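One structure below.
Everything numeric here is computed off the predicted structure, so don't read it as measured data. For reference, positions follow the sequence shown, starting with 1.
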Amino acid sequence: MPRIDGINYSDNKNPHFETSRKKRDEEYYHGDHIIKNTPVITDLKTGTDKFLKATTTYTKKGLKGTPNSNFYEYLAMGAIPFVCGSATLIALYNSFKKTGFTRNMDAVGAGNKMFAAVVLYALGKLFGSKLTEIGTKAATGIDMSMPYKANITEVPDFAGDIDLRAEEFHKVFESVDFPRWDLLEKQGAKDGNRYAYYDDMAEKLGYEEKLAAPDQVVQPKIKEAITKARASANISKYLWAAIGVAIGNQDAFYSFRKNKTGLFGAISQSITCLRNSKNMKGNAGSQIKTIWNNFAKDLPSLIPDTWRTFKTATKEFYTGKGAFELRGNTFKYGKLGKFAAIGLTALAAGTTLFGIANAKIGFKKSKQEKAQFIDKNSKNCVEV
C-alpha cells in the first residue's frame with residue numbers, strides 16, 4: 001500500500017480554496033487539538049483552569065446531578081479536600097492561644113511548619129515528575145506532558161439550554177494503553193504530512209530512510225519508553241515530596257516572619273477584635289483596618305523572606321543543624337539527620353535517573369529490527 005502523507009496545500013489564491021482552508025482551520029480548532037507546551041506557563045494555566053472550575057462549575061454540576069458530569073471533573077475535584085484540609089490544619093494551629101501550647105508563638109511556629117510542609121510536598125512531587133519528563137524528552141524525544149485541549153459537546157441541562165460547550169485539558173500520552181495518536185496525525189495533516197511526528201521519532205530511533213508505515217514502528221517504542229519512565233516517576237516523585245516535607249519541618253520555618261503580619265494572623269486578629277468589639281468602645285473597626293494595613297505593608301517582603309527561609313531550612317536539613325520538639329524537649333537532628341537527608345536525596349535522584357536511563361534502553365532500533373522504507377528510485381517499499 002502506498003503511503004499517503006496528507007494534503008499538501010498549494011499557493012493557489014483562488015477564493016474558493018482560501019475559504020476551504022479557513023473552514024478546515026476552524027474545524028481543526030473546534031475539535032480536540034494539541035496546544036503549545038510552554039514550560040511552567042502551560043502547566044500553570046491548565047492547572048489553574050482545572051482548579052477554578054473544580055471549585056465552581058464542576059462542584060455545582062455534581063451536586064445538581066447533571067448527566068454532563070464525568071470522570072475528568074471527578075478527578076479535578078480531588079484537589080478541593082487536599083487544599084481545604086491543609087488550610088484547616090494550618091488555621092487551627094494559628095488560631096490556638098494557650099490550649100495545648102505554652103505560648104501563642106508555639107502555635108504560630110507549628111502552623112508555619114505545617115504550611116511549609118504542605119506547600120513543599122506539592123512542589124517536591126511536581127519537581128520529581130518534571131525531572132522525569134524533561135530527562136525522558138532529552139533522552140528519547142518523547143514529550144510525556146504534551147497537552148491538548150478537548151472541546152466537549154454536552155447535552156442540554158434544561159429546555160432552551162444553549163451553553164453546550166465545555167473545555168478540558170488533557171495530555172496526549174495520559175493513557176499508555178490509549179494515547180491520542182489521532183491528534184498527532186491530525187496536527188501533521190494540518191501542516192501537510194500526517195506522519196510528520198512519526199517521521200521525526202523514527203529518525204530519533206535510528207532510521208535514516210523515510211519509513212512506509214512509521215506509526216507501526218514508532219508507537220510500540222513510545223508506549224514502552226513511557227511505561228518505563230512513568231513507573232520510576234511514580235516512586236521518585238514521592239521521594240522528592242518527602243524531601244520537601246522534611247525541609248518544611250526544619251527549625252527555620254518555626255520563626256518565619258514572626259514579627260510580620262501574615263494572612264492567618266490577620267484573620268485571627270480580626271476575629272478577636274470582632275469578639276471583643278463590645279469592650280473596645282467602637283474601636284474594633286479601626287483596629288481591624290490597622291491589622292489589614294499592616295498585612296498589606298508586610299506583603300511585598302513575603303517572597304524574599306520565603307526564599308531566605310527556604311535556603312536556611314535546606315541548609316539545616318543537609319547539615320543536621322535543624323531541631324524538633326517532643327514533649328517539651330528540643331532534639332537536634334545531628335549527624336544521623338545529615339546522613340538521612342543525603343541518603344534520601346541520593347535515593348530520589350537515583351530513582352529519577354534510573355527511570356530516564358531505563359526509558360532510553362531499548363529505544364533505539366536494534367540490528368535485528370526490520371522496517372519498510374520508501375525507495376526514492378522506485379514506487380516500491382523496501383524491507384531493511
Side-chain angles (χ1 to χ4, degrees), residues 43-65 69-101 104-130 168-169 233-258 261-272 274-275 295 299 302-303 306 309-310 313 317 322 324-326 344 348:
D43 287 329
L44 185 61
K45 178 183 176 182
T46 56
T48 302
D49 176 86
K50 185 183 293 186
F51 180 73
L52 290 177
K53 287 181 178 177
T55 55
T56 55
T57 307
Y58 300 160
T59 302
K60 184 171 67 175
K61 287 170 66 176
L63 292 174
K64 290 172 62 177
S69 291
N70 55 36
F71 192 59
Y72 171 85
E73 297 177 2
Y74 166 76
L75 292 177
M77 288 189 290
I80 298 176
F82 175 79
V83 172
C84 292
S86 300
T88 301
L89 284 172
I90 296 164
L92 283 173
Y93 276 110
N94 282 273
S95 64
F96 282 139
K97 289 292 183 181
K98 294 183 179 180
T99 306
F101 291 89
N104 186 44
M105 188 56 210
D106 291 332
V108 175
N112 286 342
K113 285 188 174 184
M114 178 68 71
F115 181 78
V118 168
V119 172
L120 291 177
Y121 168 85
L123 291 178
K125 188 177 174 183
L126 178 63
F127 177 75
S129 297
K130 286 301 170 187
E168 296 178 0
F169 290 98
N234 286 335
I235 300 173
S236 66
K237 67 182 180 182
Y238 287 105
L239 293 174
W240 290 110
I243 293 173
V245 173
I247 292 174
N249 276 286
Q250 296 302 307
D251 203 39
F253 280 105
Y254 182 83
S255 56
F256 175 64
R257 290 172 66 85
K258 64 179 180 180
T261 305
L263 176 60
F264 290 108
I267 294 173
S268 178
Q269 292 173 34
S270 299
I271 293 173
T272 302
L274 290 174
R275 286 177 176 176
F295 169 74
L299 196 59
L302 177 61
I303 294 177
T306 302
T309 305
F310 172 75
F317 176 58
F324 66 96
E325 290 191 9
L326 181 64
L344 181 60

What's the spacing between Leu123 CG and Phe310 CZ if we round to 0.5 Å?
8.5 Å

To the nearest 0.5 Å, what is the distance between OG1 (Thr55) and CD1 (Ile80)?
6.0 Å

Within 6.0 angstrom of Tyr74 OH, more than 12 heavy atoms from elsewhere:
no

Applying side-chain contact (heavy atoms from CB on, under 4.5 Å) to Phe256 and Lys113, what does each step give before you reach the verdict?
CA-CA 9 Å; Phe256 175 64; Lys113 285 188 174 184; over 6 Å; no

Nearest atoms (heavy-atom pairs only) where [X] meets [Y]:
| X | Y | result |
| --- | --- | --- |
| Gly124 | Trp240 | O-CB, 3.2 Å |
| Phe253 | Asn112 | O-CB, 3.0 Å |
| Thr56 | Leu52 | OG1-O, 2.6 Å |
| Ser236 | Gly128 | OG-O, 4.4 Å |
| Ala252 | Thr309 | O-CG2, 3.6 Å |
| Ile243 | Ala348 | CD1-CB, 4.1 Å |

Apply side-chain contact (heavy atoms from CB on, under 4.5 Å) to residues Val245 and Leu120 and explain how you reach the verdict.
CA-CA 6 Å; Val245 173; Leu120 291 177; over 6 Å; no

Derivation and outcome, side-chain contact (heavy atoms from CB on, under 4.5 Å), residues Lys237 and Asn234:
CA-CA 6 Å; Lys237 67 182 180 182; Asn234 286 335; 3.7 Å; yes

Pair listing, salt bridge (charged side-chain N to carboxylate O under 4.0 Å, His left out) test, anchored in residues 69-86, at least two apart
Lys61-Glu73

Look at the aromatic rings of Tyr238 and Tyr121 and report parallel, tilted or perpendicular, splitting at 30° and 60°.
tilted

State whether Asp49 and Lys53 are salt-bridged, where the test is any N-O pair (Lys NZ or Arg NE/NH1/NH2 against Asp/Glu carboxylate O) under 4.0 Å.
yes

side-chain hydrogen bond (donor to acceptor under 3.5 Å, both in side chains) involving Glu168 - partner list, sequence neighbours excluded
Asn70, His170

Main-chain N/O of [Y] paired with [X] side-chain donor or acceptor, under 3.5 Å:
| X | Y | result |
| --- | --- | --- |
| Thr46 | Asp43 | yes |
| Ser69 | Gly65 | no |
| Tyr58 | Leu75 | no |

Under the side-chain contact (heavy atoms from CB on, under 4.5 Å) criterion, do Leu299 and Leu302 qualify, and how do the steps go?
CA-CA 5 Å; Leu299 196 59; Leu302 177 61; 4.2 Å; yes

